[in-house]
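The structure under discussion appears below in the form of structure tokens.
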Amino acid sequence: MAQRDSESGTPKRLAMLPYGRQWLDEEDKAAVMKVLNSDFLTQGPTIAAFERGVADAVGARYAVAFSNGTAALHAACFAAGIGPGDEVITSPITFLASSNCVLYMGGKPVFADIKPDTYNIDPDRIEVAITSRTRAIIPVDFTGQPAEMDRIMDIARKHGLVVIEDAAHSLGASYGGRMVGSIADMTMFSFHPVKHITSGEGGMIVTDNESYYRKLQLFRNHGMTRDHDEMEQNEGPWYYEMQALGFNYRMTDLQAALGLTQLGKLDKFVGLRRDIARTYTEAFSDIPGVIVPFQHPKANSSWHLYVLRFELNLIGKSRQEIFNDLRSANIGVNVHYIPIYRQPYYRSLGYSDIGTSQAERYYETAISLPLFPQMSGSDLMDVLNAVKRSVEL
Ligand SMILES: *Cc1c(COP(=O)(O)O)cnc(C)c1O
């Protein structure tokens, strides 16, 4: 629904269209109510049911749920044995959590540049960044398009590195016909409300590796075990043992119940996201100065984000002008992401933008459009019209 903005006279939606939004129905709400009326608000049976559901959906043997995706990444770095002095290679074009998890363990994130077409980490730049201290790679499936996982796994095997795939954007995606979650050593999913399915806050690591699985469980619960087979000693049936410095990173049963009913809608949600992305690409492909997202032939994205890039000199506007045009039309655009090394905290650690020119070029010209499964046809038209109005001569 468009009205005229009283000051500029340009058409404007009545309400801001967010860039992402959850979609909850009565089934979801009833599932949470059922847990509220049960004996277990946390540490109950719904956690394992949600873990089994996600593991089966993505083709993994084990899954461990966490309070959020950031906690899950932290745990994965613990399970991978990242410690002081260890280097972990990741992309600079991602959310802060992808590299903060390395800092939590005392390790050093190393940023390898992205590819100019997919905006995902460039395997050639990973190889160049490997040193004798490199222990792991954290590829990020940016926007929902999987990173080049076949090449990344080959590089990791060659150098004995652990691969932790940040799949916060790519639940339901596949690469080379394999589901994301069945490729890397460990794969992280997030269930924040803007992601594909939500549990309020929530995250998960899936893996086929039993040793990682045990360590993830330990880390989630204070580094503590009650499994007598796992213990160094046994002082009796009451005995519990702390074997590492873990955290309380548990998910509640309330969250797991919501996640589980949401999981049943994943195929529908991903299908709708793909439909919207296709409509965007069809609408924007022929506009001079507008660059639509390139898709690697092996990747089948689940489309968390839809990023447009602009040839600003051709359009004759700055990125900020286009951004402001869209925001003033109540289109909730965003920029994903500011290269991590630009953040003051990272600068204080000595990071700068040397050698990541593709990330810089990407960042200066990118805008993410609203994309979520419940977007209506008229929401979509509002975005198409607002973008065209801003960039067409
Ligand atoms: C959302 C997100 C995370 C962290 O997930 P939370 O559940 O919000 O902690 C990590 N990496 C990326 C790329 C994300 O988008």
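We count ligands from 1, going down the list as the structure has it; atoms in each ligand are counted the same way.
The minimum heavy-atom distance linking A80 with I164 is given by the pair CB-CD1, 4.2 Å.
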Could you list, one pair per line, each nitrogen or oxygen of ligand 1 together with any protein nitrogen or oxygen closer than 3.5 Å, giving atom names and the distance rounded to 0.1 Å?
from: ligand 1; atom 1: 5 (O); to: S190; atom 2: OG; distance (Å): 3.3
from: ligand 1; atom 1: 7 (O); to: G69; atom 2: N; distance (Å): 2.8
from: ligand 1; atom 1: 7 (O); to: S190; atom 2: OG; distance (Å): 2.8
from: ligand 1; atom 1: 9 (O); to: G69; atom 2: N; distance (Å): 3.3
from: ligand 1; atom 1: 9 (O); to: T70; atom 2: N; distance (Å): 2.8
from: ligand 1; atom 1: 9 (O); to: T70; atom 2: OG1; distance (Å): 2.5
from: ligand 1; atom 1: 11 (N); to: D166; atom 2: OD1; distance (Å): 3.4
from: ligand 1; atom 1: 11 (N); to: D166; atom 2: OD2; distance (Å): 2.8
from: ligand 1; atom 1: 15 (O); to: H169; atom 2: NE2; distance (Å): 2.8
from: ligand 1; atom 1: 15 (O); to: K195; atom 2: NZ; distance (Å): 3.0
from: ligand 1; atom 1: 15 (O); to: Y337; atom 2: OH; distance (Å): 3.3

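Taking the charged nitrogens against the carboxylate oxygens, E210 and R214 do have a contact shorter than 4.0 Å, which makes a salt bridge. Salt bridge status for R151 with D154: absent, with no side-chain N to carboxylate O gap under 4.0 Å. In summary, K34 and D253 do not engage in a salt bridge, as defined by a charged side-chain N under 4.0 Å from a carboxylate O.
Taking the six-membered ring where tryptophan is involved, the planes of Y362 and F142 are perpendicular, since the angle between them exceeds 60° and thus also 30°.
Looking at Q262, its side chain does come within 3.5 Å of a backbone N or O of W23 through a donor-acceptor pair.
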